[in-house]
Amino acid sequence: MAQAQFTTHHGMVDILPDEARKWQHIESVIRQTAREFHFGEIRTPVLEQTGLIARGVGELTDIVSKEMFAFQRGDDQYVLRPEGTAPVARSFVQHRLEQRGGVQKLFYIGPMFRAERPQKGRQRQFHQFGAEMLGSADPMADAEIIAFMATVYRKLGITNTVLKINSVGDPASRKAYKEALQNFFEPHQCHLSNVSKTRLTQNPMRILDSKEEEDQPLIEDAPVITDYLSEESLAHYTAVKRHLDALGIAYQETPRLVRGLDYYTRTAFELTSPDLGAQDALGGGGRYDLLIEEVGGQPTPAVGFASGMERLLIACEALGIPLGEASQLDVYMVTRGEEARNWALQHAPLLREKGLSVAMDYAGRSIKAQMKEANREQARFAVIAGDSELESGLFTLRDMAESTETALSFDEIRTKITPTLN
RNA sequence: GAGCCUGUAGCUCAGUAGGUUAGAGUGCCAGGUUGUGGCCCUGGAGGUCGUGGGUUCGAACCCCAUCAGGCUCCCCA
């Protein structure tokens, strides 16, 4: 491979036009879904203050402790955002969105950054779409958020997914549960893996989603959080499940589901796909009733989800779901001679005004080469212009699929060709 | 951060007892048709064999390092 002098950074990739078409398709499904659920788009900066992420996501999380792209400039600490929820929470507080009344419903699509070791379905710059509902503690909000996420996948035809849900409780129930876990694991400490041993003191709940084999038998018997939920949290959880049932959204209760971000309270969920290998999470989310306060706002209950675009692409590909048609070229203007090229350059806009896509040769190549290109680009029509056509005012309109030609004036051509739908 | 595997033309890949100017298919460009595509024929361009060292008379092939990718661990989207 001829090595380029400059290349993308480790774990960061270019998305070229063929690939970008797929992204556009997925994005349009997301935007359409957002419209149907009546969520407004929010676009926050890619750079945030490091303190916001550290506080919002949690100092002890992997994301903050070892995966941040952060730098200092002057007195300011910048970080490339590793996720979307903390920035949305910041924006909510900064712009006093609670003053607008009602529940704020926001969605976003954009790049996130984490300095992890790249592998399939995991990049250092990756893209997420997500949605947040701020200002509602109602279990219906949880159900709507999950429905939003599920709808995107359903529309795209990704059906072999599993929705896992759990409740991680409120602070009080979580405290009780953590103690119960510590009491349970402590006597068996010597049977735990090394990672889990350290988690025992720092964050015992994380032991539950350990993949270490030696931990599995113990995890099986570990106490279940649902037994430690406060009355309110249990009622909330029950209501969320009831609403999902009513919506016809299938789910799997997963008492051991714990998410890696600190801000979750009560509802936690994750959508997984068997097509993704080691990184099997398509998306996930939950309720974060304490985050807004944590980043300096009034106490505000909220719930949201985030989903990985790259993983969505992988899932589509695995299922053979076609994404994004090649853009249709309506007219290729084939020219011979400088005069004809000038004519084409000046008349192409008159076709484009009608919404037609129009291409021409910019390299002064032979008619044959231009026809070849028209064919490659799957043009519907070729308009051929040379000296004789310019003189007579009648141009050759060639239907590429039919291989038929007619002599028409430019006005007739302009009237005859109409844009293809889509 | 750790382990294993891979790295030859734009793309998919051949190419070891280490030995002269490194190959195929496809794509690209051109000619066959002096103004016309898709099929066919012919020709051409394109690779310092990921990069840097080392071993050797000689390395795409052996050794080391490095970079990039893949799979797994960790964790997450």
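Protein chains get the first letters and strands the later ones, always in sequence-line order, with residue 1 at the start of each.
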Could you state the [atom1]-[atom2] distance from [X] to [N], rounded to the nearest angstrom?
| X | N | atom1 | atom2 | value |
| --- | --- | --- | --- | --- |
| A/Lys372 | B/G32 | NZ | C1' | 13 Å |
| A/Arg114 | B/G1 | CZ | C1' | 17 Å |
| A/Lys368 | B/C41 | NZ | P | 14 Å |

Touch check for [X], heavy atoms < 4.0 angstrom, all strands: base, sugar-phosphate only, or nothing?
| X | answer |
| --- | --- |
| A/Ala281 | sugar-phosphate |
| A/Arg376 | sugar-phosphate |
| A/Glu83 | nothing |
| A/Glu310 | nothing |

Quiz item: Does a salt bridge link A/Glu373 with A/Arg365, judged by any charged N lying under 4.0 Å from a carboxylate O?
Solution: yes
For the [atom1] atoms, the ones on [N] and on [M], what distance do you get once it is rounded to whole angstrom?
| N | M | atom1 | answer |
| --- | --- | --- | --- |
| B/G7 | B/C49 | C1' | 10 Å |
| B/U12 | B/C74 | C1' | 34 Å |
| B/A9 | B/G23 | C1' | 10 Å |
| B/A60 | B/U51 | P | 11 Å |
| B/C28 | B/C67 | P | 37 Å |

Quiz prompt | 5'-most by nearest nucleotide on RNA chain B - A/Thr8 or A/Met309 | solution =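 Its nearest nucleotide being more 5', the pick is A/Thr8.
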Quiz item: 5'-most contact on RNA chain B: A/Leu271 or A/Gly11, nearest heavy atom basis?
Solution: A/Gly11
Quiz item: Distance only, no hydrogens: is a donor on one side chain within 3.5 Å (strictly under) of an acceptor on the other, for A/Tyr288 and A/Glu294?
Solution: no
So, does the side chain of [X] form a donor-acceptor pair with the base of [N] at under 3.5 Å?
| X | N | result |
| --- | --- | --- |
| A/Glu116 | B/A77 | yes |
| A/Ser366 | B/G35 | no |
| A/Arg117 | B/G1 | no |
| A/Gln370 | B/U36 | no |
| A/Glu389 | B/G35 | yes |

Quiz prompt | A/Thr226 side chain vs A/Val224 backbone, donor-acceptor pair below 3.5 Å | solution =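 No, the answer is negative, given that no donor and acceptor are paired below the 3.5 Å cut-off.
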Quiz item: A/Asn183 side chain to A/Glu179 main-chain N or O, any donor-acceptor pair under 3.5 Å?
Solution: yes
Quiz item: Does B/G7 have a Watson-Crick or wobble mate here (both distances under 3.5 Å), and if so which one?
Solution: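 Answer to the pairing question: B/C67, which forms a Watson-Crick or G-U pair with B/G7.
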Quiz item: With both distances kept under 3.5 Å, what pairs with B/G43, Watson-Crick or G-U wobble?
Solution: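 Base partner found: B/C29.
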Quiz prompt | Given A/Leu351, A/Val331, A/Leu329, the one that forms side chain to side chain contact (heavy atoms under 4.5 Å, CB included) with A/Ser357 | solution = A/Leu329
